[in-house]
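Chain naming here is simple, since letters A, B, ... match the order of the sequence lines and numbering starts at 1 in each.
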2 protein chains.
Amino acid sequence: MTLAEAVTPFDTKTRILNAAEKLFGMNGFDATSLRDITAEAQVNLAAVNYHFQSKDSLIDAIIARRILPINQRRLEKLAAAGHPPSVEQIVEAFLAPLLMPEMLPAIPLIGRVMSNPDQFFERVFKKHLQHVAERFSQAIREALPELSPEEAFWRLFFMAGCMTQVLALSSVLPLLSGQPVDRHALMRRLVNFVAAGLRAPVAAAAPMRKEP
Amino acid sequence: MTLAEAVTPFDTKTRILNAAEKLFGMNGFDATSLRDITAEAQVNLAAVNYHFQSKDSLIDAIIARRILPINQRRLEKLAAAGHPPSVEQIVEAFLAPLLMPEMLPAIPLIGRVMSNPDQFFERVFKKHLQHVAERFSQAIREALPELSPEEAFWRLFFMAGCMTQVLALSSVLPLLSGQPVDRHALMRRLVNFVAAGLRAPVAAAAPMRKEP
DNA sequence: GTCTATAACCGGATAGAC
DNA sequence: GTCTATCCGGTTATAGAC
């Protein structure tokens, strides 16, 4: 056992994944070189290409490692809710899996891929999120049958957007708010806000008033 | 007058700003080289450094060109609202300036800088947004006096987050929703959702139920 | 003000020894 | 599986002619 292994007791592949997740999350994909990653992981530069073929495939691997268990837990929590589920149950099923302690180091990265249009559609939505979104959209219409499918879709998008922005800017939230941030208190505020938004009375299609 | 000037009737500096705004918005700051920008703008590579010193200062100039008029209009609309302003007036004052037709080409860029933690705090919030946020936070507490300053701050953040995500992913919204997107209809849905979130009943601090 | 040419550097990927 | 050395293309920025 070398010194590096004693300090960071994981195999090379895992060390690369952990280092890449941290640096990609902190500085972004383009701004993080494979050399940065191998320095942080204390592995050789060529090990990245040996284990992951390319930087691009490494990014895919990092995303999949985190988003698959999150989605699994989301669907489990949604299935465990009643029929119809309460609005709060839906919101919690969607958000709570991100609060699991083992997800903490991945939060900046998740915020990035969810808010970056380059990554988002092909790399995240189509591959990992589409079926989950459909399931949650159904649940929203069960809980709030007065919503049209379009309205339910957009409200789901706004819910995800609120969450994403919290994740994406998590590193600067203490600076923005001027004080330390309690993640669980923040999550309660977010659930409260989003649940009210989901329940909003359906507005008239046009700006002018119509019959009620 | 050269041919290039006849085709794009702006001076070199403006052509660079327009091309950079478009390409930075489409592909991000790191993925867009000065060579990409000068090719799109049909100007010489060295012109960027002559007019803007560095890529970094060019980014600052692009952000300032768009965010200053938006903020001015936001504050005007807020000042024009009554005392106390209605929740809808507050939300509209914040969002509507982004719908001005001349802002359309800047939407992807604005979405990027608002959701990227690297740019956001130093380059955007401290320089351009802090005083506006304070003004809007005041307005929210005027309209909803039962909210604590902390709660008002976070609800303002959630409102901005919903909006930011719409801007950041604007280029993929038709793919996500499966149909063309009417910007004004989307804005009405967003105002409706966010207004309800702002008006959410204040939740108890702890998860367990307390006296009402 | 605008151009060409180039300096100085850094990126991802890979060949081939061990 | 892991390393060193290297290829090759791309980057920002600038010097200096016009």
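Every residue two or more places apart in sequence or in another chain that forms a side-chain contact (heavy atoms from CB on, under 4.5 Å) with Ser115(A) is listed here: Thr164(A), Ala168(A), Ser115(B), Gln165(B). Residues forming a salt bridge (charged side-chain N to carboxylate O under 4.0 Å, His left out) with Glu76(B) (at least two apart in sequence, or on another chain): none. By the side chain to side chain donor-acceptor pair (under 3.5 Å) test, Ser54(A) pairs with Ser57(A), sequence neighbours left out. Contacts of Asn49(B) classified as side chain to side chain donor-acceptor pair (under 3.5 Å), with partners at least two apart in sequence or in another chain: none. For Glu88(A), the side chain to side chain donor-acceptor pair (under 3.5 Å) partners two or more places apart in sequence, or in a different chain, are Arg199(A). Listed by chain and residue number, nothing satisfies the salt bridge (charged side-chain N to carboxylate O under 4.0 Å, His left out) test with Arg74(A) (two or more places apart in sequence, or in another chain). Taking Asn44(B) as the reference, nothing meets the side chain to side chain donor-acceptor pair (under 3.5 Å) condition, with sequence neighbours excluded.
You'll find that the side chain of Leu34(A) is closest to dG12(C), out of dC3(C), dC3(D), dG12(C).
Atom name P, nucleotides dA8(C) and dC8(D): the rounded distance is 22 Å, in whole Å.
Contacts of residues 18-30 of chain A with DNA chain D (heavy atom under 4.0 Å): none. For the segment residues 49-62 of chain B, the set of residues with a heavy atom within less than 4.0 Å of an atom of DNA chain C comprises Tyr50(B), His51(B), in numerical order.
For the pair Asn44(B) CG and dT6(C) C1', the interatomic distance rounds to 14 Å; values are reported in whole Å.
Taking each heavy atom of Leu144(A) and Leu198(A) in turn, the nearest pair found is CD1-O, 3.2 Å.
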For residues 169-179 of chain A, tabulate all N or O donor-acceptor pairs below 3.5 Å that involve a side-chain atom, not counting sequence neighbours.
residue, atom, partner, partner atom, Å
Ser170(A), OG, Leu167(A), O, 2.9
Ser177(A), OG, Leu173(A), O, 3.1
Ser177(A), OG, Gln179(A), O, 3.1

Given Watson-Crick and G-U pairs under 3.5 Å, DNA chain D in dot-bracket ([ ] crossing, | other strand) is |||||||.||||||||||

Anything under 3.5 Å between a protein N or O and an N or O of nucleotides 16-18 of chain C, put it in a table, one pair a line.
none

Determine, stepwise, if the pair Leu129(B) / Phe121(B) fulfils side chain to side chain contact (heavy atoms under 4.5 Å, CB included). CA-CA 9 Å; Leu129(B) 237 47; Phe121(B) 186 68; over 6 Å; no

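Under a 3.5 Å cut-off, the side chain of Gln89(B) and the backbone N or O of Ser86(B) do form a donor-acceptor pair.
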